[in-house]
Amino acid sequence: SETEKNTLRSPICAILGHVDTGKTKILDRIRKSKVQEGEAGGITQQIGASFFPVEELRRKTKSIPAAQRLQLSVPGLLVIDTPGHESFANLRSRGSSLCDIAILVVDIMHGLQQQTLESLHLLRVRNSPFIVALNKIDRMYGWEPHQDAPLRDTMKKQEKHVRDEYDARVQKTITEFAEQGINAIEYHKNKDFRKYVSLVGTSAVTGEGIPDLLMLLVQLAQRFMTERLTTRDRLECSVLEVKMIEGLGTTIDVILVNGVLHEGDEIVVCGLNGPIVTNIRALLTPKPMHEIRVKTDYIHHKVIYASQGVKIAAPDLVDAIAGSSLYVVGDEIDREAAIDLAKKE
Ligand code: GTP
Ligand code: MG
Ligand code: NA
């Protein structure tokens, strides 16, 4: 209902994993975007964010009848892309610290790798529920692609040797997870989501298994919503990037994890030369299913509810520090308290 929409925040899902396992490409396939092709060296170097409305999730899981029974009492999911390259451990840590749930992407041809283990550690520390995408199934020898097909459907149409290879790779991955103390199982066999982590084969190139992945994601979000407090009264907002945008001046990209932002709000953010006190001149988001990292036609808002990736235009942001928190002066804290908090960052 509308009332629920006003008190519940959308869950945040981080996508984590070793470099080049296909995290960004999976999001591109879902969004029908080409973000990965535009990345320098094909490497993600910033945290990304895009909003997936419930209607889009529903549309993209139509091919799976069971998914139609799933409901989410929030407008959608905020999906956070993270870099897998080893040198961006700080961004992975920051990304995972913002998330409620996660997708861990593993290259089915490689199994668990160094940053897979690092990501697992981050998820464990935060006790975040997650699912595993075993990506690049199309790279198995003899694979016959069936664009956007649910996993089980395309699997039935593969030659026996391909199915055998898939089964063997899944078994090997399950063993590798067991070595990390994690019980993993193919998702359609998973009868106990508390004990077992679901695995699903995917291809970001053919779209196979993506409907299944999205169905599992909605299931996980739904479970998260029923198990944890999801009110959004308390403000939690994290600065991702400081960017110069023609026509807007210096802007900050933030993840609004919890709470509400209004145009005109007095805000305090960490700056190189001490706390910056300023007022929100414009509150912007990319369109749904668009990446905030990519310059686009932004939507202007008077008010934004968590969770969202938001671009804020305001005076004096040039020295703002990425990775710090943003505070809103108001009922919760006064200006002096906000400045003190920003000083302590
Ligand atoms: P980082 O963010 O840099 O860690 O990489 P990533 O995990 O986001 O992987 P990315 O999306 O950049 O993909 C890496 C490479 O793998 C690209 O060349 C993709 O085209 C390719 N790739 C990704 N997914 C698939 C897939 O399912 N099948 C095949 N064949 N190639 C894929
Ligand atoms: Mg990437
Ligand atoms: Na990459």
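We count ligands from 1, going down the list as the structure has it; atoms in each ligand are counted the same way. Below, each value reflects all heavy atoms present in this structure, side chains not excepted, and no hydrogens, waters or symmetry copies.
In this structure, E291 contributes its side chain and G48 its backbone to no donor-acceptor pair below 3.5 Å. Counting only distance, with no hydrogens or angles, the side chain of T21 and the backbone of H18 share a donor-acceptor pair below 3.5 Å. No donor-acceptor pair under 3.5 Å is formed between the side chain of Q46 and the backbone N or O of R293. A donor-acceptor pair is defined here as one N or O able to donate and one able to accept, closer than 3.5 Å; no such pair exists between the side chain of R92 and the backbone of S119. Side chain of Y166 to backbone of G201: a donor-acceptor contact under 3.5 angstrom is found.
Taking a 4.0 Å cut-off on heavy atoms, G42 registers as neighbouring ligand 1.
In D20, the N, O or S atom that comes nearest to the Na ion (ligand 3) is OD1.
In terms of protein heavy-atom proximity, atom 24 (N) of ligand 1 is nearest to N135 ND2, 3.1 Å. The closest protein non-hydrogen atom to atom 29 (C) of ligand 1 is V205 CG2, 3.4 Å. Of all protein heavy atoms, the one closest to atom 5 (O) of ligand 1 is D20 N, 3.0 Å. Of all protein heavy atoms, the one lying nearest to atom 2 (O) of ligand 1 is T44 OG1, 2.7 Å. With respect to atom 11 (O) of ligand 1, the closest heavy atom belonging to the protein is K25 N, 2.9 Å. The shortest contact between atom 7 (O) of ligand 1 and any protein heavy atom is with K23 NZ, 2.7 Å. Scanning the protein for heavy atoms near atom 18 (O) of ligand 1, the closest one is Q36 NE2, 4.4 Å. Summary of contacts: the protein heavy atom closest to atom 22 (N) of ligand 1 is K136 CE, 3.7 Å.
Remark: the Q308 side chain and the T285 side chain contain no N/O donor-acceptor pair separated by less than 3.5 Å. Between H290 and S33, the side chains place no donor N or O within less than 3.5 Å of an acceptor N or O (distance only, hydrogens not considered).
Close contacts between ligand 1 and A204 involve ligand atoms 24 (N), 26 (C), 27 (O) [criterion: under 4.0 Å to a heavy atom]. Every atom of ligand 1 with a heavy atom of S203 under 4.0 Å away is listed here by number and element: 27 (O).
Exactly one of K25, K23, K136 qualifies for a salt bridge (Lys or Arg N to Asp or Glu O under 4.0 Å) with D107. That residue is K136.
With salt bridges taken as basic N to acidic carboxylate O contacts below 4.0 Å, one links E176 and K172. Between R58 and E56, none of the side-chain N atoms (NZ, or NE/NH1/NH2) sits under 4.0 Å from a carboxylate O, so this pair counts as no salt bridge. We find that D28 and K34 are not joined by a salt bridge, their nearest charged nitrogen and carboxylate oxygen being 4.0 Å or further apart. Under 4.0 Å is where a charged nitrogen must lie from a carboxylate oxygen, and between K157 and D153 no such pair does.
Inclusion of T202 in the set of residues having an N or O under 3.5 Å from an N or O of ligand 1 is not warranted. In terms of polar-atom proximity, G84 is counted as a contact of ligand 1, with an N or O under 3.5 Å from an N or O of the ligand. No N or O atom of E39 sits closer than 3.5 Å to an N or O atom of ligand 1. Not one N or O of I137 is nearer than 3.5 Å to an N or O of ligand 1, by distance alone. The distance criterion of under 3.5 Å between nitrogen or oxygen atoms is not met by I43 with respect to ligand 1.
V257 and V74 are not part of a single hydrophobic cluster, where members link through side-chain heavy atoms under 4.5 Å apart.
Here T24 meets the criterion, with an N, O or S atom under 2.8 Å of the Mg ion (ligand 2). The Na ion (ligand 3) has an N, O or S atom of G42 under 3.0 Å away, backbone or side chain. With 2.8 Å as the limit, T82 does not count as an N, O or S neighbour of the Mg ion (ligand 2). Within the 3.0 Å limit, E39 places no N, O or S atom next to the Na ion (ligand 3).
Contact annotation for D138 and ligand 1: only side-chain heavy atoms (C-beta onward) come within less than 4.0 Å of the ligand. Proximity of R139 to ligand 1, defined as any heavy-atom pair under 4.0 Å, is confined to the side chain (atoms from C-beta onward).
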